[in-house]
Amino acid sequence: MKVTVNGESRELAADVSLLQMLRELELPTARVAIELNREVVRKRDWDSITIKDADRIEIVHFVGGG
């Protein structure tokens, strides 16, 4: 299935959760926020939400420092 992640088109396997997607894309799970179709998803829901074809996902990685 085809989805858009941070503005880029990506191919993902069917029935992939948000958490599985992060792991598949080798992205960190700590200090990350995910927006799915313009709605922020709580971290505790990442494993229970299955991505659908044509979903739009934004992943924001928080960086500390001064």
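Predicted model only: the values in this text are computed from it and were never measured.
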Apply the test side chain to side chain contact (heavy atoms under 4.5 Å, CB included) to residues R10 and L25: give CA-CA distance (whole Å), side-chain angles for both, the deciding distance (0.1 Å), then the verdict.
-> CA-CA 10 Å; R10 298 240 186 193; L25 297 177; 3.4 Å; yes
When rounded to the nearest 0.5 Å, the distance separating CH2 of W46 from CG of L22 is 5.5 Å
What pairs of donor and acceptor atoms, side-chain ones from residues 11-20 against any protein atom, are under 3.5 angstrom apart with sequence neighbours left out?
residue: S17; atom: OG; partner: L19; partner atom: N; Å: 3.4
residue: S17; atom: OG; partner: Q20; partner atom: N; Å: 3.0
residue: S17; atom: OG; partner: Q20; partner atom: OE1; Å: 3.4
residue: S17; atom: OG; partner: D47; partner atom: OD1; Å: 3.4
residue: Q20; atom: OE1; partner: S17; partner atom: N; Å: 2.7

Check whether V40 and L36 end up in the same hydrophobic cluster, where Ile, Leu, Val, Met, Phe, Trp and Tyr are linked by side-chain heavy atoms less than 4.5 Å apart.
-> no
Write out all pairs satisfying salt bridge (charged side-chain N to carboxylate O under 4.0 Å, His left out) with one or both partners inside residues 16-45, taking only residues at least two apart or from two chains.
-> R42-D45
Can you list, pair by pair, the side-chain donor-acceptor contacts under 3.5 Å of residues 49-60, counting residues two or more places apart and other chains?
residue: D53; atom: OD1; partner: K2; partner atom: N; Å: 2.8
residue: D55; atom: OD1; partner: N37; partner atom: ND2; Å: 2.9
residue: D55; atom: OD2; partner: K52; partner atom: N; Å: 2.8

